[in-house]
Undergrad: 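Got a structure for you, written out below as structure tokens; questions coming shortly.
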Amino acid sequence: MEYCLFTEPQQGASYDDQLAFAQAGERLGFDGFFRSDHYLHMGDGDGLPGPTDAWTTLAGLARETSRIRLGTLVSSVTYRVPGLLAIQVAQVDAMSGGRVELGLGTGWFEREHAAYGIPFPAKRFDLLEEQLELVTGLWATPAGETYSFDGTHYRLTDAPALPKPVQPRVPVIVGGGGPRRTPELAARYATEFNIGFRSEAESAEKFAVVRAACERIGRDPKSLKLSVALPTLAAASVPELDRRAANIGRTVGELRGDVNIVGDRDEIVAKVERLVALGAQRVYLQLMDLQDVAHVEYLGAEVLPYLPR
């Protein structure tokens, strides 16, 4: 089992806030620090100090951490052309000594695209499929050879396919609840399938669907890591839980249920044990208040040592 911190910096976080989270997570034994890839605040609040670019941030964190894995959950295919994305990820992988992971998805936040002048085509699954093929194909091209691709949306001619990542294979995360294309793409291209913000029953169902997709193409389902990403609210006492919920504009009652990870150590351990029984091999703990490093401290010092490994 692996346990990663997952953050949403567009909601209001500086680079320094993210650095504090990543370094605390590394010191306390978490396996990864992952962030969303968004440029516009969602919901109430002002989002100050403003957005930070995901891959610029990860490049900085690559030089200021030494062990923890770093990645996006997930980058949108609408933000970057795949040839440049392959270069960016490979470069950050080198800067980190081989600790990068790429989560890639179709994107969904249309208003964000309008705000920054980013094209937002109605149909994006074909973009995702071509980008997955291109990025992994560029990385897999032997040094000294070139890579060409002639697709519906992208065309590459004799790309040098450089630089190469440090890792022999950069982990690629594909996620989502789609019934057909998402699990098919995960089976073909991904090292990890992620399902986010779903109940335990729904997560189990999606895991079964992606395992079946692997079997249809002759891939061993055990070779695909299964993960969940869930909003997390943790504290040793009810007043502290209430305070943390209020800081993100919610109540503990709103957050409790069959989806989120909420409570003290024993409640969180029980929840994670159920997720493990469903087949999860990695859990992303989504923390929304990036000024609350004490939240990371509590999870790392008081909860993480008791979670199944």
Undergrad: I'd like to check the side-chain hydrogen bond (donor to acceptor under 3.5 Å, both in side chains) partners of Glu129; sequence neighbours left out, ordered by chain and number.
TA: Arg181, Arg188

Undergrad: If only atom types and distance count, is the side chain of Glu2 paired as donor or acceptor with the main-chain N or O of Gln281 below 3.5 Å?
TA: no

Undergrad: Please name all residues satisfying ring pair (Phe, Tyr, Trp, His ring centres under 6.0 Å) with Tyr306, sequence neighbours left out, ordered by chain then number.
TA: none

Undergrad: Going by side-chain hydrogen bond (donor to acceptor under 3.5 Å, both in side chains), name the residues that satisfy it together with Glu200, two or more places apart in sequence or in a different chain.
TA: Lys271, Arg274

Undergrad: Applying side-chain contact (heavy atoms from CB on, under 4.5 Å) between Leu128 and each of Val77, Val74, Thr182, report the one that passes.
TA: Val77

Undergrad: What pairs with Thr78 under side-chain hydrogen bond (donor to acceptor under 3.5 Å, both in side chains), at least two apart in sequence or on another chain?
TA: Ser76, His113

Undergrad: Between Leu73, Leu104, Thr72, which is the residue that forms a side-chain contact (heavy atoms from CB on, under 4.5 Å) with Ile173?
TA: Leu73

Undergrad: Do you know which two heavy atoms are closest between Ser227 and Glu192, and how far apart they sit?
TA: OG-OE2, 2.6 Å

Undergrad: Does a side-chain N-to-carboxylate-O contact under 4.0 Å join Glu101 and Lys225?
TA: no

Undergrad: Starting at NE2 of His295, measure out to OG1 of Thr232 and round the result to the nearest 0.5 Å.
TA: 7.0 Å

Undergrad: CD of Glu267: more than 12 outside heavy atoms within 6.0 angstrom?
TA: yes

Undergrad: Taking only Lys NZ, Arg NE, NH1 and NH2, and the carboxylate oxygens of Asp or Glu, determine whether Arg309 and Asp31 approach each other closer than 4.0 Å.
TA: yes

Undergrad: Using a strict 4.0 Å threshold on nitrogen-to-oxygen distance, state whether Arg27 and Glu297 make a salt bridge.
TA: yes

Undergrad: Mind checking ring pair (Phe, Tyr, Trp, His ring centres under 6.0 Å) for Tyr189 and listing every partner two or more places apart, or none if nothing turns up?
TA: none

Undergrad: Does any non-hydrogen side-chain atom of Pro9 lie less than 4.5 Å from one of Pro51?
TA: no

Undergrad: Suppose we screen for ring pair (Phe, Tyr, Trp, His ring centres under 6.0 Å). Which residues come up paired with Phe193, at least two apart in sequence or across chains?
TA: none

Undergrad: Is it the case that Glu64 and Gln23 place a side-chain donor and acceptor less than 3.5 Å from each other?
TA: no

